[in-house]
Amino acid sequence: MDKQQIARKVLERLKKRYQLKTALTWKNAWELLVATVLAAQCTDERVNKVTPVFFEKWPDPSKLANAEIEEVEKVIRSTGFFRNKARNLVNTAKILIEKYNGQVPKTMEELVSLPGVARKTANIVLGNAFGIQEGIAVDTHVKRLAFRIGLTKNTTPNKVEQDLMKIFPKKEWSNVNHLLVYLGREVCKARKPNCEKCPLNDICEKNI
DNA sequence: CTCCCGATAT
DNA sequence: ATATCAGGAG
């Protein structure tokens, strides 16, 4: 069975079990950008506890651009890396006001130029807020599962993304991220993967 | 490569 | 106590 066939089965089986959207709470590109930045090394569950307060205080870039950095730090503290995240979000808000008319840009190049935004975050925003399949968001779950299943021999996010882009059809790129993340959280966990309960058990190389 | 960093599971 | 959590920058 080649990688394309495995990829087809992965999509087919996981689509029966999981949703095709993020577990983050957001209602526009700005909110998704903020939520995704906050999600670095933090569970989406935790992010969803912080973002309602955040969006109430700073519902758009113009509000956040004028915020006190200490207040932002206070609100997002529980998500970890709070100093970096607060500084990056406020600076991003200022850039959006100055260069992008207060709007979240819709290209990879522009998004990754923002502080605290690299390909993973940009892919999430492009795919989910704008419906643009520019690449595949490779986070800790996607990286781990792609390697374990046997879809890649690489371990760096960029190389894993390149491998996955060759294997999965473009229209599924956003779904690849969502489905692998959900399986990674529930079954193929970093510490104790539950292979017995895994819907991919028979097609997985189990490179654990 | 290291650093950023609080919350949670094991 | 330690590993890990929807990463990114220096």
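Order of the sequence lines sets the chain letters (A, B, ...), proteins ahead of strands, with each chain counted from 1. On a predicted model such as this, the values are computed, not experimentally measured, just so you know.
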Could you state the atom-to-atom distance from [atom1] of [X] to [atom2] of [N] in whole Å?
X: A:Lys192; N: C:dC5; atom1: NZ; atom2: P; result: 15 Å
X: A:His141; N: C:dA6; atom1: NE2; atom2: C1'; result: 6 Å
X: A:Leu38; N: C:dG8; atom1: CG; atom2: C1'; result: 13 Å
X: A:Lys85; N: B:dC5; atom1: NZ; atom2: P; result: 9 Å
X: A:Glu45; N: B:dG6; atom1: CD; atom2: P; result: 19 Å
X: A:Gln41; N: B:dT8; atom1: CD; atom2: P; result: 16 Å
X: A:Glu161; N: C:dA6; atom1: CD; atom2: C1'; result: 14 Å
X: A:Lys49; N: C:dC5; atom1: NZ; atom2: P; result: 18 Å

Hey, which of these two, A:Lys21 or A:Val112, hits DNA chain C nearer its 5' end, going by closest nucleotide?
A:Lys21

Over 12 foreign heavy atoms within 6.0 Å of [atom1], [X]:
X: A:Lys15; atom1: NZ; value: yes
X: A:Lys74; atom1: NZ; value: no
X: A:Gln5; atom1: CD; value: yes

Reckon [X] touches a base, only the sugar-phosphate, or nothing at all at heavy-atom distances under 4.0 Å?
X: A:Thr121; result: sugar-phosphate
X: A:Leu180; result: nothing
X: A:Val47; result: nothing
X: A:Arg144; result: sugar-phosphate
X: A:Ala137; result: nothing
X: A:Asn177; result: base

For A:Lys9, is there an ion pair with A:Asp202 - N to carboxylate O distance below 4.0 angstrom?
no

With no hydrogens and no angle check, is any side-chain donor or acceptor of A:Lys85 less than 3.5 Å from a backbone partner on A:Thr79?
yes

When you measure from the side chain of A:Asp60 to the backbone N and O of A:Trp30, does any donor-acceptor pair fall under 3.5 Å?
no

Rounded to whole angstrom, note down the [atom1] distance from [N] over to [M].
N: C:dA9; M: B:dA7; atom1: C1'; result: 23 Å
N: C:dA1; M: B:dC4; atom1: P; result: 22 Å
N: C:dA6; M: B:dC3; atom1: P; result: 24 Å
N: B:dC5; M: C:dA3; atom1: C1'; result: 14 Å

side-chain hydrogen bond (donor to acceptor under 3.5 Å, both in side chains) with A:Glu161: of A:Thr152, A:Asn154, A:Asn123, A:Asn177, only one passes, and it is A:Asn123

Proximity to the side chain of [X] - top-ranked nucleotide from [options]:
X: A:Ala40; options: C:dA6, B:dT10, C:dG7; result: C:dG7
X: A:Ser78; options: B:dG6, C:dA6, B:dT10; result: B:dG6
X: A:Ala118; options: C:dA9, C:dA6, C:dT2; result: C:dA9

Output a table of nitrogen or oxygen pairs between the protein and nucleotides 2-4 of chain B separated by less than 3.5 Å.
none

Mind checking the CG-CG spacing from A:Leu111 to A:Leu33? Nearest 0.5 Å is all I need.
7.0 Å

Side-chain N or O of A:Thr140 closer than 4.0 Å to phosphate OP1/OP2 of C:dC5:
yes

Can you check whether A:Arg46 has a side-chain N or O nearer than 4.0 Å to OP1 or OP2 of B:dT8?
yes

Give me each pair satisfying ring-ring contact (aromatic ring centres under 6.0 Å, His included) with a member in residues 160-207 of chain A, each pair once, sequence neighbours excluded.
A:Tyr18-A:Tyr182

